[in-house]
Structure formats: C-alpha cells, structure tokens
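Along the sequence shown, residues carry numbers from 1.
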Amino acid sequence: IILLAIKDNSQKPVIAQMSFNGDKTVTGTGGDAFCVLADALNADIIGVNCVNGVKIAMNPLKMILSKTQKPVIVQLNAGIPVNKKGEIIYKITPESFAESAHELYEAGVNIIGSCCGSTPEFTRSLSKRFRKLHPIKRDINIKPVISDRVKSINYGNGEKTLIIGEKLNSITNKKLKNTLMKRQYGMLKELSFSQINAGANALDLNIDNLQKKQKDIKDIIFSLQNT
C-alpha cells in the first residue's frame, strides 16, 4: 500500500527493501515473494537492508537476484551490537566491512551501502573499494511467476502444473454472494481452506456481480489474503 501510494504521488525512483533473518523476514515472507511483489508494484530498486552480515544477506539475496532485472541494493549492519558498560559497540571496522561486501558485488548487486552501526567512514571505505568498478551484468531468465505474501511459484514450460481453485465465485454461488453482500467472510475463508487443503496453488476470486465499492472489494481481498 505504501509503495503504491508513493508511486501514485511522486515521479521519484522508489527503493523497496526488507530485513531478513535467514531466507525469510520475521513474519515469514521469503526473499522471492518480496521481490516478485515489489517488482510487480513497480519498485525501481529492490533489495535487502538491516541484515547482520553477508552470509545472512545472501540467502534472500540469491532469490531476489534471480527474480528481477531491476537494480538490486544491499545495506548491511556493522555486525551485531554489543552492550559494553551501557555503551552500544559495533566491532566490525569500516575496512573489513568493505572487504566482506565484495562478495555482494560479485553476486551481481548494483548498489552497496551500510545500515545500523555504520558511520561516514564505512561509506568512505565502500567508495574507495567500489567506485572504479562497474556492476556485474546478471544473466537472468525470468520465468512466469505468481506470489502470495510468503512464497512465489514459477509456472510454464518445465515447471509443475499450476493448480488454481475456482470455487470463490459469487456468480455461480448465490450463498457466497449473499454472505459477501453482508460483509460476512466466514464462507469465503472456508472455501479457501478447502481448496488449499485439496492442493490448490492459487485461488481465483470472481466477485464481478457484487457491484461493491472499491473499499468493500479491498476488504474482501484483504480477508482472503489473511486466510
């Protein structure tokens, strides 16, 4: 929603980033899902920030690098902070930080920066190491893909058959239509769960005959997404 709002009200480039713990965020979003959604919502630059080290960043980063042709950005923390007599200390030096970031460059990252615990010295070290280098061109084969908030699924040639559940149809299901008109979403969720449990990879929602306002449609979709 925030990304859409910015794109609707500004011509400035928009950077979309998330922080990951392993290959997922704390709420379970994978790097692939985040990238697919951010790309589809027309983010200009996509990446990772506020991550403690290259090793942790590489998990979601590999997914992002394989899912988009957009420029990719990474901003790492200066390590894990330590509380020393009431003072927060970051032990990684600007020089070692820039040295470790070279792995990001070799992976194909376009923009490298720093986050928590960094200082202007970190930026100077990064500039000294990378300013004469050009980003490495990524050879990307983007496949057709769909995504929810957690994971993405490729489909098409060479991929498994994509199973789509089509029971969420207020045109053919009058009972569903009546419950949605009353803003009751229990049946919608029950039908969703039954199709997912039966093996559906995606759900087709058809509510064309409801003649609802845009806000009501958003409420229905939000309810479905949080099933």
Side-chain angles (χ1 to χ4, degrees), residues 2-3 13-81 90 92 94-118 122-123 125-127 129-162 201-202 225:
I2 294 173
L3 179 55
V14 178
I15 299 175
Q17 294 174 281
M18 292 192 79
S19 179
F20 294 83
N21 182 18
D23 59 353
K24 299 181 182 296
T25 67
V26 293
T27 56
T29 299
D32 56 332
F34 160 64
C35 181
V36 169
L37 293 173
D39 202 333
L41 294 175
N42 205 26
D44 298 282
I45 302 169
I46 301 171
V48 177
N49 75 348
C50 204
V51 175
N52 294 319
V54 172
K55 185 176 181 180
I56 296 176
M58 289 302 295
N59 292 323
L61 181 60
K62 288 178 180 178
M63 300 180 189
I64 293 172
L65 289 167
S66 69
K67 295 290 185 183
T68 184
Q69 295 178 332
K70 302 279 183 70
V72 173
I73 181 172
V74 176
Q75 293 176 270
L76 301 176
N77 295 336
I80 299 176
Y90 289 85
I92 293 180
E95 293 75 22
S96 62
F97 181 88
E99 182 177 352
S100 66
H102 197 83
E103 186 176 346
L104 302 174
Y105 167 78
E106 291 179 337
V109 173
N110 304 90
I111 305 170
I112 300 174
S114 56
C115 195
C116 297
S118 64
F122 282 76
T123 303
S125 291
L126 289 173
S127 176
R129 188 174 188 91
F130 296 108
R131 62 188 172 193
K132 294 183 180 180
L133 299 178
H134 297 284
I136 296 175
K137 185 177 180 180
R138 308 197 306 274
D139 185 15
I140 309 168
N141 180 22
I142 303 294
K143 297 181 178 181
V145 62
I146 61 171
S147 182
D148 58 20
R149 186 186 65 80
V150 178
K151 64 181 183 303
S152 66
I153 302 174
N154 290 327
Y155 62 94
N157 291 338
E159 300 294 336
K160 293 181 179 179
T161 301
L162 185 67
N201 304 120
Q225 289 176 327

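- The heavy-atom pair separating Gly31 from Met63 by the smallest distance is N-SD, 3.8 Å.
- The neighbour count for Ile80 CD1, taken as heavy atoms of other residues, nucleotides or ligands under 6.0 Å away, does not exceed 12.
- If you take CD on Gln75 and CG on Leu126, they are separated by 10.0 Å, rounding to the nearest 0.5 Å.
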Working for side chain to side chain contact (heavy atoms under 4.5 Å, CB included), residues Phe34 and Ile64: CA-CA 8 Å; Phe34 160 64; Ile64 293 172; 4.1 Å; yes
Intermediate values then yes/no, side chain to side chain contact (heavy atoms under 4.5 Å, CB included), Thr25 and Ser19: CA-CA 6 Å; Thr25 67; Ser19 179; over 6 Å; no
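- Summarising the geometry, atom CE belonging to Met58 is positioned 13.0 Å from atom CG belonging to Asp23; distances are rounded to the nearest 0.5 Å.
- The CG atom of Asn201 lies 9.0 Å from the OG1 atom of Thr161; values are rounded to the nearest 0.5 Å.
- A distance of 9.0 Å separates OH of Tyr90 from OG of Ser118, quoted to the nearest 0.5 Å.
- Using cut-offs of 30° and 60° for the angle between ring planes, the His102 and Phe130 rings count as parallel.
- When every heavy atom of Val72 is checked against every heavy atom of Val109, the shortest pair comes out as O-CG1, 3.4 Å.
- With a 4.5 Å cut-off on side-chain heavy atoms, Thr27 and Arg149 count as touching.
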Stepwise side chain to side chain contact (heavy atoms under 4.5 Å, CB included) check, Tyr105 with Leu133: CA-CA 9 Å; Tyr105 167 78; Leu133 299 178; 3.8 Å; yes
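- Under a 3.5 Å cut-off, the side chain of Asn21 and the backbone N or O of Val26 do not form any donor-acceptor pair.
- Between Ile142 and Gln69, the closest heavy-atom pair is CG1-CG, 4.0 Å.
- Closest of all the heavy-atom pairs between Val54 and Ser100 is CG2-O, 3.3 Å.
- In terms of modelled atom types and a separation under 3.5 Å, the side chain of Arg138 and the main chain of Thr68 share a donor-acceptor contact.
- Pro71 and Asn110 get closest at one heavy-atom pair: CA-OD1, 3.3 Å.
- Within a 6.0 Å sphere centred on NZ of Lys62, heavy atoms belonging to other residues, nucleotides or ligands number 12 at most.
- Put simply, the side chain of Lys67 reaches to within 4.5 Å of the side chain of Asn154, judged on heavy atoms.
- Among all heavy-atom pairs drawn from Pro60 and Gly22, the shortest one is CD-O, 3.2 Å.
- In this structure, CD1 in Ile153 is found 7.0 Å from CG in Asp148, a value given to the nearest 0.5 Å.
- Annotation: side chain of Leu104 is in contact with side chain of Leu76 (closest heavy-atom distance under 4.5 Å).
- Separation of atoms NZ (Lys70) and CG (Asp44) is listed at 6.5 Å; rounding is to 0.5 Å.
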